[in-house]
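What follows is a short report on a single structure.
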Amino acid sequence: MSSEALKQDIRETARQNAEKVLAKANAEAARILAEAQTQARAITDGRVQDSQKLLDQVERAEVAKARIECVRSLSAAEARQVEAAFLEAEKRVCSLPSTEPDRYRRALTRFIEEARAELGGSRLVVVARDEERELVGSILKGLGEVAAKLSVSQDSLDARGGVILHTEDRRVYYVNTLDSRFRRAREELRSKVVHAMLKGAR
Amino acid sequence: MSSINEVMEEEKTAQRILREAEEKADRVVREARAAAGEMLGKAQADEAILKELGERQKEKTEAERAQILGDCMVKVEETENLCRMNFEAAVSLIVQSVLGEGT
């Protein structure tokens, strides 16, 4: 081999070796970058997922809060209307002695009979408002045989209407005033009133 | 003699070319590793994507909340209207109960 050919061979071999080294390095660099890209994507996806979970929790909490707020608003609206109905009913009942005296008389009669039934057969005293004492007296007269065991008290009833019955020894009382009946109605009737007020709801 | 020298000189040149190639190869790999490290660091610390996600979610949540409260206001109004419509019946029910009518 001539010296020129030898030099040519050395140069060519060196070039080829250098190219191989660089090609290998480039392939390694590409592999490193591709791997890093995959890892970076996984890291970002993981962080997004974690963050999304937290954000979903916040969203669920906010939505639940809004729903609770809504339920409260509905309950408050319902309660306002129910209260208005009770107040109107009280107003109407309290004005009955002047607007519908017969109806009030029948109601008082029922109050007295109810109390008498609860207290039993002993002699009883009926306490009424000053302005209704006469009315109560006339009701008692209309009760027939039972009237003999009932008397009207001279005590004055401090209430908006109705009666209190007690035994002669004052040991047992039955309070059947309008105020006590309003209280009972508020306790016992609430769900019925709500039902009546929401009748026709979709 | 001159030819041997020239061949030896060529051999040296060849070694230099190879050395330079190896140095360059080292640099390429080093730079790739540095870029990969930077890429991973950025992925771990990048807040922009989370911020954007948070803002998008916030808007969605706000919209949902507004929808619920809007629907609720309609329901409250419907309830109040219904209650007003049935008001007389409810009052009668209470009056009759207090007076002990129909018991």
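In what follows, chains carry the letters A, B, and so on, assigned in the order in which the sequence lines appear, proteins first and then strands, with residues in each chain numbered from 1. Just so it is clear, the values below take in all heavy atoms, side chains as well, and ignore hydrogens, waters and symmetry mates.
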Name the atoms and distances for all side-chain donor-acceptor pairs under 3.5 Å in residues 138-148 of chain A, with sequence neighbours left out.
residue : atom : partner : partner atom : Å
A:S138  : OG   : A:R105  : NH1          : 2.8
A:S138  : OG   : A:R105  : NH2          : 3.0
A:S138  : OG   : A:L135  : O            : 3.3

Using a 3.5 Å cut-off and no angle test, enumerate the donor-acceptor pairs between side-chain atoms of residues 34-48 of chain B and protein atoms at least two apart in sequence or in another chain.
residue : atom : partner : partner atom : Å
B:D46   : OD1  : B:A48   : N            : 3.2
B:E47   : OE2  : A:R47   : NH2          : 3.1

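Residues A:E69 and B:R65 are paired through a salt bridge, judged by an N-O separation under 4.0 Å between the basic side chain and the carboxylate. Salt-bridge annotation for A:R106 and B:E101: absent, with no side-chain N of the basic residue lying under 4.0 Å from a carboxylate O of the acidic one.
Contact residues of residues 19-26 of chain A toward chain B are A:V21, A:L22, A:A25, A:N26 (heavy-atom distance under 4.5 Å). Contact annotation for residues 83-97 of chain A against chain B (heavy-atom separation below 4.5 Å, listed by residue number): A:A84, A:A85, A:F86, A:E88, A:A89, A:R92, A:V93, A:L96.
The most heavy-atom pairs under 4.5 Å with chain A, out of B:R27, B:M73, B:E80, come from B:E80. Contact count versus chain B (heavy atoms, under 4.5 Å) is highest, among A:V63, A:L6, A:N17, for A:V63. Ranked by heavy-atom pairs under 4.5 Å with chain B, the list A:G162, A:A185, A:S51 is led by A:S51. With chain A as the partner, the residue from B:C83, B:A66, B:A90 showing the most heavy-atom pairs under 4.5 Å is B:C83. If you tally non-hydrogen atom pairs under 4.5 Å between each of A:E114, A:E59, A:Q39 and chain B, the highest count goes to A:E59.
For a residue to count as touching a neighbouring chain, one of its non-hydrogen atoms must lie under 4.5 Å from one of that chain's; by this rule A:Q37 touches chain B with backbone and side chain alike. In this structure, chain B has heavy atoms under 4.5 Å from both the backbone and the side chain of A:D56. Proximity to chain A is limited to the side chain of B:I49, based on heavy atoms less than 4.5 angstrom apart. Only the side chain of A:R80 comes within contact range of chain B, with heavy atoms under 4.5 Å apart. Contacts between B:E62 and chain A at a heavy-atom distance below 4.5 Å are absent for every atom of the residue. Proximity to chain A is limited to the side chain of B:E64, based on heavy atoms less than 4.5 angstrom apart. Both the backbone and the side chain of B:L99 come within contact range of chain A, each with at least one heavy atom under 4.5 Å from a heavy atom of that chain. Within the 4.5 angstrom heavy-atom criterion, atoms from both the backbone and the side chain of A:L74 approach chain B.
One distance of note links CD1 of B:I17 with CD of A:Q16; it measures 12.0 Å at 0.5 Å rounding. Note that the CZ atom of A:R181 and the CD1 atom of B:I94 stand 13.5 Å from one another [nearest 0.5 Å]. Atom CE of B:M85 and atom CE of A:M197 lie 11.0 Å apart (nearest 0.5 Å).
The two atoms that bring B:A32 and A:I32 nearest to each other are O-CG2, 3.7 Å, heavy atoms only. Between B:A14 and A:I10 the shortest heavy-atom distance is CB-CG2, 3.5 Å. Here the closest heavy-atom approach between residue B:L53 and residue A:V48 is recorded as CD2-O, 3.7 Å. The nearest pair of heavy atoms linking A:K7 to B:E10 is O-CG, 3.5 Å. Of all the heavy atoms in B:V76 and A:A77, the pair that sits closest is CG1-CB, 3.8 Å. Contact detail for B:G54 and A:L55: the closest heavy-atom pair is CA-CD1, 3.8 Å.
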Exercise for the section: Give the intermediate values and the outcome of side chain to side chain contact (heavy atoms under 4.5 Å, CB included) for residues B:L93 and A:H195. Expected result: CA-CA 11 Å; B:L93 176 74; A:H195 187 73; over 6 Å; no

Exercise for the section: Tell me, with the steps shown, if A:R67 and B:I68 meet side chain to side chain contact (heavy atoms under 4.5 Å, CB included). Expected result: CA-CA 7 Å; A:R67 292 211 166 104; B:I68 290 170; 4.2 Å; yes

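Residues A:E28 and B:R33 meet the side-chain proximity criterion, which asks for heavy atoms closer than 4.5 Å.
Around atom CG of A:D45, more than 12 heavy atoms belonging to other residues, nucleotides or ligands sit under 6.0 Å away.
A side-chain donor from one of B:Q57 and A:Q52 sits under 3.5 Å from a side-chain acceptor of the other.
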